[in-house]
Protein chains: 2
Amino acid sequence: MKQKNSISRAVMILEILGKRKMGFSELYRILLIPKATLHRILKILIDTGMVRYIKEERKYHLGYKILSLASEILNNLPLREIANSYMKQLCEKTKETVELAIPDGKAILYIDKRESSESIRLFAQIGSRYETIHASAPGKIILAFSEDKEILEKIPLKKITDYTITDISELRREIEKIRKRGWAFDNQEARVGVRRIAAPIFDFKGNLAGIIGIAGPSFRIKKEKIKKFGELVKNIAESISKELGYTKKEGVKW
Amino acid sequence: MKQKNSISRAVMILEILGKRKMGFSELYRILLIPKATLHRILKILIDTGMVRYIKEERKYHLGYKILSLASEILNNLPLREIANSYMKQLCEKTKETVELAIPDGKAILYIDKRESSESIRLFAQIGSRYETIHASAPGKIILAFSEDKEILEKIPLKKITDYTITDISELRREIEKIRKRGWAFDNQEARVGVRRIAAPIFDFKGNLAGIIGIAGPSFRIKKEKIKKFGELVKNIAESISKELGYTKKEGVKW
DNA sequence: TTTTTTTGTTTCATATTTAGAACTTTGTTT
DNA sequence: AAACAAAGTTCTAAATATGAAACAAAAAAA
């Protein structure tokens with residue numbers, strides 16, 4: 001813990017309370033902020049609605065103010081609005097869960113989803129953030145199309161499942177393939193039993209603005225479907241890019 | 001606005017930026033916080049990820065940290081709701097009191113219950129917290145499946161009833177057995193006359209998210225029922241885990 | 001280009017917050 | 001009911017943040 005200013009401390013408290021609700025003493029033991037100070041900060045956070053105190057449990061929770069702020073963010077993301085009808089379309093065509101994400105530095109942030117109506121369907125949580133971008137199709141899209149060309153060198157290649165690619169050379173070849181064909185695939189690399197297909201969305205400057213993809217159980221996303229789905233996702237992503245003002249630069253040479 | 005402390009001001013900034021992204025001057029005109037101070041607060045908020053500065057637009061916007069905090073809240077809410085129908089099911093099948101609990105550090109917290117319709121039934125109190133996790137089936141589930149692998153070393157093995165296991169080696173063997181078969185049992189170890197059976201619920205990260213179990217008088221929960229109930233509770237717990245997004249990892253948990 | 005507006009920085013006396021300890025209250029466990 | 005643990009309060013000198021104004025830099029406008 002470096003920062004001593006109260007705002008940094010307040011955010012640290014929120015991060016910890018995000019993991020689970022917590023009593024004062026536990027919070028105190030983790031943060032090592034003096035009792036009187038911690039009390040005062042918690043009081044302000046409760047007053048502002050950022051933290052909720054559940055008296056019966058004597059525990060502090062994240063407050064619902066955070067949920068409403070988050071919904072403001074989601075409401076103000078134009079990508080979400082534009083992608084909406086395309087996501088519906090993609091979901092109907094594939095019968096799988098459709099996910100919309102944006103790059104957030106070296107991480108991926110899921111900003112929307114449309115769940116498959118199938119009884120066996122994938123759980124996706126809006127707002128979740130994953131730093132394991134080497135291990136999922138949407139993540140590999142970031143690696144392949146990020147403005148930061150050295151991004152691959154900056155992330156740890158953690159083994160998440162038995163299928164996760166942790167060899168950097170193999171990953172480089174994979175990324176090269178993704179760049180050429182315009183869509184990515186992963187076979188249970190982030191989660192056992194889950195296969196994903198994803199494609200990049202570009203803004204008017206040609207920068208990666210988002211990732212759209214589908215995710216489903218490996219028994220349903222079979223080999224013969226992958227290429228078909230890949231092209232479908234890619235085409236939908238291109239349509240969204242077009243609405244964002246992107247005009248394809250490469251390959252249109254005259 | 002009355003508050004002058006920086007946390008309140010920071011939250012005010014977040015609320016205003018929630019409406020729309022904004023340049024410095026506009027924010028300054030609205031808040032009337034001195035320029036230097038406003039700059040300082042914004043800098044801290046950017047450092048913590050709560051605010052994002054879009055350089056090309058020269059505008060401040062809510063940061064994605066808020067989205068991930070919000071997803072934590074959402075992640076922490078659904079257990080009770082999801083478990084509800086399964087608790088009903090379990091109660092109907094066993095005719096015993098069904099308990100839903102969550103791990104709370106080195107303690108167990110009961111967050112829901114469904115009482116047996118039998119006239120002689122166990123009284124369970126929502127919100128009660130027990131630090132005696134070595135002495136009950138749900139508590140042993142925590143010992144067996146907690147993220148904290150050294151948890152057993154950190155708790156006092158108090159003798160609560162004549163049946164309570166207070167020998168750490170014996171408890172270790174018991175925990176190993178629980179890990180293998182996927183459910184726990186206790187014979188009057190926390191309360192004389194009461195037997196419990198419990199199984200772990202895992203979230204999408206594979207962490208212990210809750211414990212579901214049954215509790216009943218020892219004269220009714222007889223030897224021949226224990227194994228059958230154990231498998232039943234385990235199966236129900238697995239169903240709930242699945243709804244929380246957990247996909248069983250090969251050979252990891254049991 | 002030069003001017004104007006907006007944004008960001010520096011200074012420093014003053015105001016506020018911090019932190020450690022002792023203490024009170026409240027709830028829990030035995 | 002007694003013992004204990006957790007939560008919250010109060011007190012201070014010392015540490016830190018604040019804010020007014022002057023300054024500096026960067027965009028936008030003329």
Side-chain angles (χ1 to χ4, degrees), chain A residues 1-13 17 21-47 51-61, chain B residues 1-13 17 21-48 51-61 104-110 125-136 139 154-162 164 166 189-192:
Chain A
M1 198 240 291
K2 307 239 153 30
Q3 300 290 347
K4 283 211 169 186
N5 71 75
S6 51
I7 296 173
S8 299
R9 285 171 158 182
V11 174
M12 277 161 43
I13 290 169
L17 292 181
K21 57 194 171 185
M22 210 174 270
F24 179 89
S25 297
E26 200 177 355
L27 207 48
Y28 174 63
R29 277 194 295 273
I30 293 169
L31 287 167
L32 299 173
I33 294 170
K35 265 169 68 168
T37 306
L38 183 54
H39 265 296
R40 203 167 23 76
I41 294 174
L42 281 169
K43 192 171 182 296
I44 295 166
L45 286 173
I46 290 166
D47 287 347
V51 164
R52 200 159 47 104
Y53 180 61
I54 289 131
K55 215 183 169 185
E56 304 82 55
E57 296 177 338
R58 310 210 328 160
K59 283 187 193 308
Y60 297 88
H61 266 219
Chain B
M1 284 297 168
K2 306 253 142 38
Q3 298 291 349
K4 281 209 169 188
N5 71 73
S6 52
I7 296 172
S8 299
R9 284 171 158 178
V11 174
M12 276 160 47
I13 290 169
L17 293 180
K21 58 192 169 190
M22 210 175 270
F24 180 89
S25 299
E26 196 177 359
L27 211 46
Y28 175 62
R29 278 193 296 273
I30 292 170
L31 286 166
L32 299 172
I33 292 170
K35 263 171 64 170
T37 307
L38 184 53
H39 266 296
R40 218 159 345 96
I41 294 174
L42 281 170
K43 192 169 182 300
I44 296 166
L45 286 173
I46 291 167
D47 287 347
T48 57
V51 164
R52 198 162 47 106
Y53 180 61
I54 298 147
K55 212 180 171 186
E56 302 82 55
E57 297 178 330
R58 314 220 308 167
K59 285 190 171 159
Y60 297 89
H61 208 300
D104 184 16
K106 289 179 285 182
I108 189 162
L109 183 72
Y110 287 85
Q125 182 62 59
I126 292 174
S128 52
R129 188 175 182 274
Y130 299 97
E131 300 199 317
T132 51
I133 56 174
H134 63 298
S136 71
K154 296 173 187 166
I155 55 160
L157 303 180
K158 280 180 196 160
K159 194 146 194 97
I160 297 156
T161 71
D162 287 348
T164 309
T166 54
E189 291 161 38
R191 211 147 110 206
V192 174

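These values consider heavy atoms only, across backbone and side chains, with no hydrogens, waters or symmetry-generated copies. In what follows, chains carry the letters A, B, and so on, assigned in the order in which the sequence lines appear, proteins first and then strands, with residues in each chain numbered from 1.
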Inset, instruction - Return the set of residues passing ring pair (Phe, Tyr, Trp, His ring centres under 6.0 Å) with Tyr28(A) (not counting sequence neighbours), or none when no residue passes. - result: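 Ring pair (Phe, Tyr, Trp, His ring centres under 6.0 Å) list for Tyr28(A), sorted by chain: empty.
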
For [X], enumerate each residue passing the side-chain hydrogen bond (donor to acceptor under 3.5 Å, both in side chains) test, keeping only those at least two apart in sequence or located in another chain.
X: His61(B); value: none
X: Arg52(B); value: Tyr64(B)
X: Thr132(B); value: none
X: Thr161(B); value: Thr164(B)

Euclidean distance, atom [atom1] of residue [X] to atom [atom2] of [N] [Å, nearest integer]:
X: Leu27(A); N: dG8(D); atom1: CG; atom2: P; value: 11 Å
X: Lys59(A); N: dA7(D); atom1: NZ; atom2: P; value: 7 Å
X: Glu57(B); N: dA28(D); atom1: CD; atom2: P; value: 12 Å
X: Glu26(A); N: dA6(D); atom1: CD; atom2: P; value: 10 Å
X: Leu157(B); N: dT30(C); atom1: CG; atom2: P; value: 13 Å
X: Leu38(A); N: dT17(C); atom1: CG; atom2: C1'; value: 14 Å
X: Ile108(B); N: dT29(C); atom1: CD1; atom2: P; value: 13 Å
X: Ile54(B); N: dA27(D); atom1: CD1; atom2: P; value: 16 Å

Legend entry - Pairs touching residues 21-36 of chain B that satisfy salt bridge (charged side-chain N to carboxylate O under 4.0 Å, His left out), sequence neighbours left out: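 Checked against salt bridge (charged side-chain N to carboxylate O under 4.0 Å, His left out) - neighbours excluded - the pairs reaching residues 21-36 of chain B are Arg20(B)-Glu26(B), Lys21(B)-Glu57(B).
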
Legend entry - Partner nucleotide of dG19(D) by Watson-Crick or wobble geometry (both distances under 3.5 Å):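 Because both required distances fall under 3.5 Å, dG19(D) counts as paired with dC12(C).
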
So which protein N/O to nucleotides 8-15 of chain C N/O distances come out below 3.5 Å?
residue : atom : partner  : partner atom : Å
dG8(C)  : OP1  : Tyr53(B) : OH           : 3.1
dG8(C)  : OP2  : Tyr60(B) : OH           : 2.7
dG8(C)  : O6   : Lys35(B) : NZ           : 2.3

Inset, instruction - Sequence neighbours left out, what passes salt bridge (Lys or Arg N to Asp or Glu O under 4.0 Å) with Lys154(B)? Give chain and number order. - result: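 So Lys154(B) forms a salt bridge (Lys or Arg N to Asp or Glu O under 4.0 Å) with Asp148(B).
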
Inset, instruction - Without swapping roles, check the side chain of His134(B) against the backbone of Thr166(B) for a donor-acceptor pair under 3.5 Å. - result: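 No.
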
Inset, instruction - Just say parallel, tilted or perpendicular for the rings of Tyr53(B) and Tyr60(B), cut-offs at 30° and 60°. - result: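 Geometry flag for Tyr60(B) against Tyr53(B): tilted rings.
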
Are there any protein N/O atoms within less than 3.5 Å of an N/O atom in nucleotides 13-18 of chain D, and if so, which ones and at what distance?
residue : atom : partner  : partner atom : Å
dT18(D) : OP2  : Arg40(B) : NH1          : 2.3

